[in-house]
Structure formats: C-alpha cells, structure tokens
Peer 1: 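Here you go, one structure.
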Amino acid sequence: MENAGGPFPQSGACYTGHMTNSTQPRQQPGRGPADDGDPPFDLPDAPGLERPSISARALQRPEVPYLENLNPEQREAVEHLDGPVLVLAGAGTGKTRVLTTRISHILASRRAFPSQILAVTFTNKAAREMKERIGHLVGGTVEGMPWLGTFHSIGVKILRRHAELVGLRSQFTILDPDDQLRLMKQVIEAEGLDKDRWPARQLANLIDSWKNRGLTPDKVPQGEGFAFAAGKGAKLYAAYQHRLKDLNACDFGDLLLENLRLFREHPDVLADYHKRFRFILVDEYQDTNIAQYLWLRILAQGCPNVCCVGDDDQSIYGWRGAEVDNILRFEKDFPGAKVIRLERNYRSTGHILGAAAGLIAHNKGRLGKTLFTDDEAGNLVSVAGVWDDEEEARSIADEIERLRKSGHGLNQIAVLVRASAQMRAMEDRFITVGLPYRVIGGPRFYERQEIKDAIAYLEVTSNPSNDLKFERIVNVPKRGLGDTSVKRVHELARARGIAMFDAAREIIASEELPGKARKALSDLVQAFERWRSQIDNLKHTELAELILDESGYTAMWQADKSPQAQSRLDNLKELVRFMHDFETLNGFLEHVSLVMDADQSNDGERVSIMTLHAAKGLEFDTVFLPGWEEGLFPHQRALDEQGQAGLEEERRLAYVGITRARRQAHISFAQNRRLRGLFQAAIPSRFVDELPEAHVEVREMKSPFGGAYANPQNLYGNPYGRSRFEEAQPQFRSSYSTPGWQRAQNARTQQPTPAASRSPLTIEGQLVASSTAEGAGYKTGDRVFHSKFGEGRVAEVDGNKLTIEFKTSGRKRVVDSFVRPI
DNA sequence: GTTCGCTCACTTTTT
DNA sequence: GTGAGCGAAC
C-alpha cells in the first residue's frame, strides 16, 4: 500500500551500514532531518547538555512516559533501534513488554509508520496480545499494524498478493492437517503403493520435516528421500506438491516455503518488501525453524534493524523443527549484533528462581543467564514423594482445597503435566471432590470433528471446488454414498481435470450410478446449489443454521446417544454464535483456515490443567508439577530418540514448568504409576535431584520416609543413579488423615470401580455445568446428565454429593454441580 | 454400504 | 486400559 520511500522522513535509515555501529549508543550525527524527531532518550535527565533545535523540540514529545517503567536493560532493548539486537529474555523478565514498548517507541519517535514494521509471533494469541498492549501504550487508536502477526498469517498475506508468481491463484485454500492427510493418502495410492505398508501419517511427518527445514522436493537429501517407500520419498513429495497446485491449495508449511520461492525467484518483489520494512521484530526466536529463519534472513537483508527476542532456556519445540541453534548463532548471522540480557525477574520469588536456575544450570550449550529478583525469598519449592498417581492426584486436590479455603483463587492455580495421559487421574479426582477445573489444550475448538464437518459444509457452499472438504462431508451424515460412488466421482474429476463437485453433477446426468446413490448425490448437489444461491440473501449465520439443519447434520447428532453428542451440538451452536463476529461467510472461513484457536470462555474460578508445553508463556500463583519420574519426565522417548539433546530439552521443559509459578511450586513424583493399564514402579526424576538443596523443602517425608532426607550424604554422590528419594518407603498414615483422604475413603467404598468411564480426554472440564448452588435439589431416581459419564439416574443423595448409576459408566459419586437434570 | 470386533501403539503440537 | 483404524461379516 503506502509505498516505502514515500513521505517518510527517514527513508535512508535501513540502508546505511548500521551493523558496525551497534556498539555505539544511538544518536548518530548527520543522519538527516529525522534525527530532530528523535529525542535524546539516553539523556532524559540532562537538560544542560546539547539540545536539539527549538523547532525540533516543539515537534518532540515533552517526555516519554512509556519508557519510565523500564529497567535499564529493558530500556536499552527498547531504545537500541539501529542494527541487529538479540534480547535474551529469561522467564518473567518482561519480554513482551520490551517488544511492545519497542514498537511503540518506533512509532512515537516517528522512525517508521505502523505499516513499515514487521513483527512476527508464533501464535495468534501472542499476536493479539501484542496488538492490544501496543494500543494501550500508544494510546487509543493506533491504526492497525498490518504486518504484526504470526509467521503464517504474514506468509499468507504476502502469498495472496503474488500467488500467480508461484503457480497459485490468489484464492488458494489452506489445507488443515486432515485434508493434508487425505491428500497424502491419495498420492500414495496413485503411486501404486501399499497404503498399509507406507502410512500417510509417516509421509506427512517426513514432508513436514522437510518443509520445516526449507527443503523443496528437489533439495531433499538423497538418503532421506529414500527413507520412505523404498526410495520414493522425494518423488511422493513432488507428487504431493503437484496435487496441491492442482487443487490451488497450500499446506501450512508451504505458506513459508512458497514465500521463500517467491523472494528468490522474483527479486523485484523481494526488493519491494525490503523497501517496506524498516524494523523487524521477532518473538520467541528460540522456537523458529529453519524455514522461518531463512524467511527472516532474506527479509532482513534489506533492513538491518532486526530485533529478536527469545530465551534459549525455554526452547521446548525441537521435536517439531525448532532450532535452538538459530538463537545461539544470532551473533554470527547478524554481525555486530547487540546482545542484551534481561535477567531481572518480576514474576517469581527467590526460591522459585533459585530452584529453576539450579536445574537449568545442568544444561550445556546455553547462552547463559542468571535470573534474579528483588522479591522476597518466599516459600521453598516443595517436593513430595507419593505412593501412586492416585495419591498424587488426591494430595494435589487436597492442597488446592486448602488453598481455596484460605482464599486462593482457583484461576491462579495450575497443574502442569508432562503427558496428557496424566490428566485423567487429576480430572477423576477433581470431579470426585467437586473441584472446578478446566483443561487447556487438548483438541481445540476447530479441530473437533463436528466443527470441521460444519465448516466443510460452509466451505463447499462458498467454494464448491474445494474437493477435500467436499469429500469430507459427502457422506456425513450417512446418505448412502460409499467409497465406490465417491471413487467414481473422484476418478471422473481427475480424468477431466475438474472439481469433484462438477464431476458429481455430470455423473448425476449420466446413468453411471445405481439409482439410490444417484438420488442421494443429486439431492446433495442440489442442496449445495440452493445454499449457494442464498449466500447473498441470507445473513451468513442464518445460512449456516439452514445448512446444518437441511443437510441433516444437526439431526445426526441429535439422534446420537453417546455422552458427547450434546456437547457437540453445543459446539455447533457456539460456532454459529462465533460467526456473528464476522461480516461475511468468506471472512469467517478465511479466519478459520488460519486461526485454529477460538478464545476459550473464562467462566468462573477454575483450576487449570494442561501440559507443560501448553503452559509456556503463562503464569500462576501456585503451580503443581506432578509426575517427576524417570521415564515420564524426562520422557523415555525423548532420551531414546534424541539422547543428550532430548534430555536437555526435557530439562528446559522442567525449567519452564517451575518458572510458571509466582509464589509457590509443588513438585511431586509417584513411586508407582499406572502406565498402559498396569502398575509400574518408578524412580524419581533426575531433575528432582538436580534441584538445589537450598531452595527445596521435602514434604511429607519426615516420619514416613525416614532415612533418606535425614541423611545428607545421600543427597549427593552419583547424580543419576541413586536418588535421595529412591529409598523412601511410604508408610500409611502420613497424609492419610487429611479431610480429602477421608472423603476419598468414603467415596471409594461406594465406588468399587474406580474410573471406569474412559471417554476421551477433551476439554470437557470446562463444559461441565457451573451451578454450584448448594442443594440443587436432586433426589433419588432423578435422571441426570454428566458431560463425561453421560446419562444416569441418582441412586443416593448426600448433601451436594450424588451417587449416580450411569448407563454406560456404572456407579459414580460426583458433586451435583457436575450434572444437570434431563 | 454399514457395523462390529479385533489389533495396534501409546510425548509434546502452532499454524 | 483405551481409542483409532482396519478387515470381515451383515
């Protein structure tokens, strides 16, 4: 839009050789008129020094309030605008604040227009937050930052403008992983391979990893290309890319890869972007993969003012292509880079930081930071050994109850697990004691089957040539169009080079299909045509309702008797409600293809349960970290497959976990864990022993676990062999007089089948009814519905605790707020 | 074309 | 122990 080189005062700034100046303070003389608009920020309190001209002072703001709350390092990171900067921001050191203030500063000092700043994040959430915070800082109405977004959203934006240059049309669709897999299957079959021997899943992973590394089919290293299907890996990759082009589609990896191609093959286009971007900012740099790195680097060629913010100690996504190396290598990539360390932590107490620091110090190959705080030392990090995972869940629930009674908000409590399988024990326990919780992560809104189906209907209505979406719902709900019919349509479409939807139309006109299938297909095609003709007449939300209704999709779930059916229907309603936020159907669909998350409603006080990965970037007053056992954390698989690197990444994950806590962290490990159905003895994680003694308090170890902790010499010595906790023997009685345990005992005697129901671990924790009203008034015989266990009948009432005979899950004792009457 | 039952594998997951 | 995915039986 506004062309760079336009009216902007400092147009030359990007092209001078600032790299070499990076060790000097700002204020380079003789850089043109714009310097006048650049107040001497480094001398805010030195009025006696040389001052800019009167006219310049009249232009500049009298003060810069947004800079005042920064510490010296943050301030330097904000003000060092020229040349490359790497900000190593430890956990809780104000990383986002630096980023947003820096952008505000660039804007306020008129060094660039909003449209000349490229700011990339990994998640939509991060992008959203940044926008909001910049809005606050700059005050009210910043006209949007068009180039603040995720790598992918910016990639799409660029690609849509120049799609035809890389063999796409600008309306190209973005495949979700489901579509991707379906396409992959087709490619494998088209190649005449046995799809059982060569699973599409595996090929998808392989291709993804190539794309992460910026490799196009012709660049795949020989050896790796042969890894799949006896040497056909690279060939299948090429075929897949070819099919994508046919479909006018892209997968997520392509969004960046095609950008790279575009920039490489069309220097004029690249030059445009070089002119445009004066400042580049990158969040979470430690998480960039090679493709993202290449993308940044090629854009940065035109603009030395690159500022990357990250923390090598929080790199936990190596397994999906993130290269910690990118951040470790920054100074080599950007010669003369200024490296600024943010080490003053504003989040946690001294003991929490001490524990985290001691742990992460065991990693090699760090850039090295030492966090410190002016906060009080606070509570020691607690470490507790428990008998098994059930007791672990029980003691956590008890502690939370205790905190709740003392006024601790549940929203400020989180349980962070290594693997989602651990969540079940927590959920079961929380349900039993009536502790409201929400599960964060898990299948996200747009990944749910019903939502994807609904969107497929909407998408085909809007764009009938989206074959993959058409295939998805052609027989959902079942309308007698099985594999054979679909295959016919598919073959005709391929043979004629037309969309399946059009092929279907032709097939109906012919006599090719048996009467029943033909009728069904004909009805479907007509329905879509009818809906399509309504796009302009009906409000898109009404159209959506109409489609879901007429297609029989809603009816399908209404007829479904599984416990999840109701929540699926609720989700569909939620989807329609969500569509209200958009002007048009197409606007909505574009959003959906890129933004897979929907804002989770924050209803009321709940404990959060999530994986450690999902917790990155969040913080809570109190954090529980269960499952610190060898094999689980560090995970055996990480060790087996990645060796030392895997171990270090696991350790970083532990570091992330501890540093989520503001006031208190509780670590626990079980001596026995139910894994894949059977009990297995476990030994405490080596990470437990790596925690520095001075910051740790061992709980519930005093009498029952006798010896170990009382014998300091056991604490040291062989760090990975024998643990100071290993010999600890649990004795029954320690924590077993707590109210929670008593309650559990009661519950157990009446609940002979613990956790019989095995419904999927979804987000259901947040779907449960929240009417905690005392005496909701259930009586024996009432029919009730539970979002996890399904339908049941009240067998016993004990205050607000109900014993319910569930149809499918057997007898359960739950708190009344978790069920609703039917 | 649909449904049932067996086998398999099973860390983390944004866009 | 459990969910997905596939082949065999209706």
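None of the values given here were measured: they were computed from a predicted structure. Here is how names work: the chains are called A, B, and so on, in the same order as the sequence lines, proteins then strands, and each is numbered from 1. Values below: all heavy atoms of this structure, side chains included; hydrogens, waters and symmetry mates excluded.
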Peer 1: Find the distance D178(A):CG to dT15(B):C1' and express it as a whole number of Å.
Peer 2: 15 Å
Peer 1: In whole Å, what is the span from the CG atom of N124(A) to the P atom of dT14(B)?
Peer 2: 11 Å
Peer 1: Under a 3.5 Å cutoff, is there a donor and acceptor pairing between the side chains of K185(A) and Q180(A)?
Peer 2: no
Peer 1: Just to verify, what does F633(A) make a ring pair (Phe, Tyr, Trp, His ring centres under 6.0 Å) with, not counting sequence neighbours?
Peer 2: W628(A), F687(A)
Peer 1: How does protein contact run along nucleotides 1-12 of chain B, one letter per nucleotide 5' to 3', with B for base contact, S for sugar-phosphate only, - for none, heavy atoms under 4.0 Å?
Peer 2: SSS------BBB
Peer 1: Side chains of N326(A) and Q292(A): do they bring a donor and an acceptor to under 3.5 Å?
Peer 2: no
Peer 1: In B/S/- notation, 5' to 3', how is nucleotides 5-10 of chain C contacted by protein heavy atoms closer than 4.0 Å?
Peer 2: --S---
Peer 1: Rounded to whole Å, please give me the gap between CG in L181(A) and C1' in dT13(B).
Peer 2: 15 Å
Peer 1: E284(A) has an atom CD; how far is it from atom C1' of dT13(B), in whole Å?
Peer 2: 15 Å
Peer 1: Quickly work out the D428(A) CG to dG1(C) P distance and round it to whole Å.
Peer 2: 14 Å
Peer 1: What donor-acceptor contacts under 3.5 angstrom involve side-chain atoms of residues 642-649 of chain A, with partners at least two apart or in another chain?
Peer 2:
{"from": "E648(A)", "atom 1": "OE2", "to": "K364(A)", "atom 2": "N", "distance (Å)": "2.9"}
{"from": "E649(A)", "atom 1": "OE1", "to": "G318(A)", "atom 2": "N", "distance (Å)": "3.2"}
{"from": "E649(A)", "atom 1": "OE2", "to": "G318(A)", "atom 2": "N", "distance (Å)": "3.0"}

Peer 1: Separation of R128(A) atom CZ from dT15(B) atom C1', in whole Å?
Peer 2: 13 Å
Peer 1: Check side chain to side chain donor-acceptor pair (under 3.5 Å) between Y240(A) and all other residues, then give those that pass, not counting sequence neighbours.
Peer 2: D251(A)
Peer 1: Distance only, no hydrogens: is a donor on one side chain within 3.5 Å (strictly under) of an acceptor on the other, for E450(A) and N571(A)?
Peer 2: yes
Peer 1: Could you state the atom-to-atom distance from CG of L618(A) to P of dT14(B) in whole Å?
Peer 2: 13 Å
Peer 1: Rounded to the nearest angstrom, tell me the gap between atom NE2 in H152(A) and atom P in dT15(B).
Peer 2: 8 Å
Peer 1: Are D313(A) and T659(A) side-chain neighbours, meaning at least one heavy-atom pair lies under 4.5 Å?
Peer 2: no
Peer 1: Listed by chain and number, what are the ring pair (Phe, Tyr, Trp, His ring centres under 6.0 Å) partners of F679(A), not counting sequence neighbours?
Peer 2: none
Peer 1: Using a distance-only test with no angle check, is there a side-chain donor-acceptor pair under 3.5 angstrom linking N289(A) and E323(A)?
Peer 2: no
